[in-house]
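When a ligand or atom number is given, it counts from 1 through the structure's own listing order.
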Amino acid sequence: MDVKAAEQRVQELHDTLNKYSYEYYVIDQPSVPDSEYDRLLNELSNIESMYPQLQTPDSPTQRVGGAVLDVFRKVRHDVPMLSLGNAFDEADLRDFDRRVSQSIGNVPYSYVCELKIDGLAVALKYEDGLFVQGATRGDGTTGEDITANLKTIHSIPLRLKKPFTIEVRGEAFMPKQSFIALNCIRDERGEEPFANPRNAAAGSLRQLDPRIAAKRNLDIFLYSIGNPEAIGAESHSEGLDMLDSLGFKTNKERQVCKTIEDVINYVKKQSEKRTKLPYEIDGIVVKVNSLSQQDELGFTAKSPRWAIAYKFPAEEVVTKLTGIVLSV
Ligand SMILES: CC(C)(C)c1nc(N2CCN(c3ncccn3)CC2)c2cc(C(N)=O)c(N)nc2n1
């Protein structure tokens, strides 16, 4: 095969492999068996060995980077990653709604309710559609560059469907099943088990060797798009739909609620479904949907006035071994 044919075939393989990856990891509807994916990935890897100049950073063969780091680079967030005010009961939610309606006046408004994924907040930067940097939230202003580890999360696209330069934010997490399997392996090795999936996700993303992170079966749900207005969204829910159209994984349980009563019903419904979910959540995040109303409401020093985190009461877990009730 000459280099022209190789270039052509590399592009075809990128497109096909990215499509299969999206089907399997983002929308959970694989159209081919893993063996087909592996066969094509192997073909791409062979062509890249023959023509190294055709190997690009966004190639599906580049998900597990080479270098083992000795430290993570510090990165400053262009826009601080804020924290969230908390609500612990219905009264707190009603108080939040009262503050919102008093502040934006007698006009219609709606909320978006999202499951609060119990993981680690991260920020992903794309330049001309290429994934160029991933960072932890850190203290909200400064985080750590964990790009190599985030590249191992297959639901994170290495190149967007459109050449956008944007920053998106989300929660990286470890599914419950992966957490149980990882702790079994650690137990067999005589290693300390992780206390919960959140710690396991944090510990995995803090691995200096991306090959270890690649084995931890991490995943991510994106929940925020930088300057959504710049790409035509007028509401938060439109922004989330835009994340979907760009190939990102967002959480499907989200719901637009017209009233705080609907929010309270959503919280009750999701609280009952919590144990059936394949990932851990620690509450519900309630956000004013209109972006212009978010701007009107603004921020306190630490968090947006247009969002609140309803926290579920700590789950009581009876440990199998000792029978002691632990609140987690
Ligand atoms: C964009 C805003 C600020 C409204 C926002 N902020 C969030 N968080 C901030 C506090 N964070 C935080 N983390 C550590 C220490 C303090 N705060 C952790 C992320 C959100 C977290 C989730 C989630 N977990 O599923 C979510 N669906 N939406 C969020 N939305």
Side-chain angles (χ1 to χ4, degrees), residues 77-87 93 96 99-100 110-124 134-144 146 150 153 155 166-176 196-199 201-203 205-206 218-229 233 235-244 248-257 263 266-267 270-271 273-274 277-291 293-312:
H77 299 296
D78 303 338
V79 177
M81 291 182 76
L82 298 168
S83 54
L84 281 167
N86 288 327
L93 286 173
F96 168 67
R99 290 195 299 274
V100 164
S110 63
Y111 292 111
V112 179
C113 289
E114 299 169 20
L115 299 186
K116 188 170 182 301
I117 309 303
D118 195 4
L120 201 72
V122 294
L124 309 178
T136 63
R137 177 182 181 282
D139 62 7
T141 305
T142 308
E144 293 180 319
I146 53 165
L150 289 169
I153 299 181
S155 55
I166 53 166
E167 175 175 325
V168 294
R169 294 172 173 182
E171 201 83 0
F173 66 94
M174 184 179 289
K176 289 175 181 170
N196 54 53
R198 193 219 156 281
N199 290 4
L205 285 172
R206 267 206 299 269
L218 296 170
D219 205 343
I220 191 169
F221 285 121
L222 281 306
Y223 55 67
S224 166
I225 195 164
N227 60 359
E229 303 86 341
S235 69
H236 177 63
S237 52
E238 276 174 45
L240 295 173
D241 295 343
M242 218 155 264
L243 286 173
D244 290 335
F248 287 110
K249 186 170 190 174
T250 66
N251 192 279
K252 293 292 155 283
E253 298 287 333
R254 65 176 178 270
Q255 185 174 310
V256 174
C257 293
V263 168
Y266 177 86
V267 166
Q270 290 298 345
S271 164
K273 290 170 64 175
R274 186 178 177 190
L277 290 170
Y279 44 81
E280 285 201 347
I281 62 172
D282 59 350
I284 303 293
V285 185
V286 185
K287 305 173 182 177
V288 170
N289 197 19
S290 153
L291 297 178
Q293 290 175 340
Q294 289 184 6
D295 293 345
E296 266 182 73
L297 287 155
F299 301 85
T300 67
K302 294 193 311 61
S303 52
R305 287 197 184 89
W306 43 267
I308 199 160
Y310 175 86
K311 306 283 282 188
F312 288 137

Extract all N/O-N/O pairs under 3.5 Å that connect ligand 1 to the protein, and present each with both atom names and the distance rounded to 0.1 Å.
unit_1, atom_1, unit_2, atom_2, d
ligand 1, 24 (N), I117, N, 3.4
ligand 1, 24 (N), I117, O, 3.0
ligand 1, 24 (N), E171, OE1, 3.3
ligand 1, 25 (O), L115, O, 3.3
ligand 1, 25 (O), I117, N, 2.8
ligand 1, 27 (N), E114, OE1, 2.9
ligand 1, 28 (N), K287, NZ, 3.0
ligand 1, 30 (N), K287, NZ, 3.1

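- The side-chain hydrogen bond (donor to acceptor under 3.5 Å, both in side chains) search around K302 returns none, not counting sequence neighbours.
- Considering only residues two or more places apart in sequence or on other chains, Q293 meets the side chain to side chain contact (heavy atoms under 4.5 Å, CB included) condition with I104, V107, Y109, V288, S290, E296.
- With a 6.0 Å radius and a threshold of 12 heavy atoms from other residues, nucleotides or ligands, R206 has its CZ atom at or below the threshold.
- Partners of Y279 by ring-ring contact (aromatic ring centres under 6.0 Å, His included), not counting sequence neighbours, listed by chain and number: F173, F221.
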Checking salt bridge (Lys or Arg N to Asp or Glu O under 4.0 Å) for the pair E280/R198: CA distance, chi angles, key distance, verdict?
CA-CA 8 Å; E280 285 201 347; R198 193 219 156 281; over 6 Å; no
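- A salt bridge links D244 and K252; the closest N-O separation between the charged side-chain nitrogens and carboxylate oxygens is under 4.0 Å.
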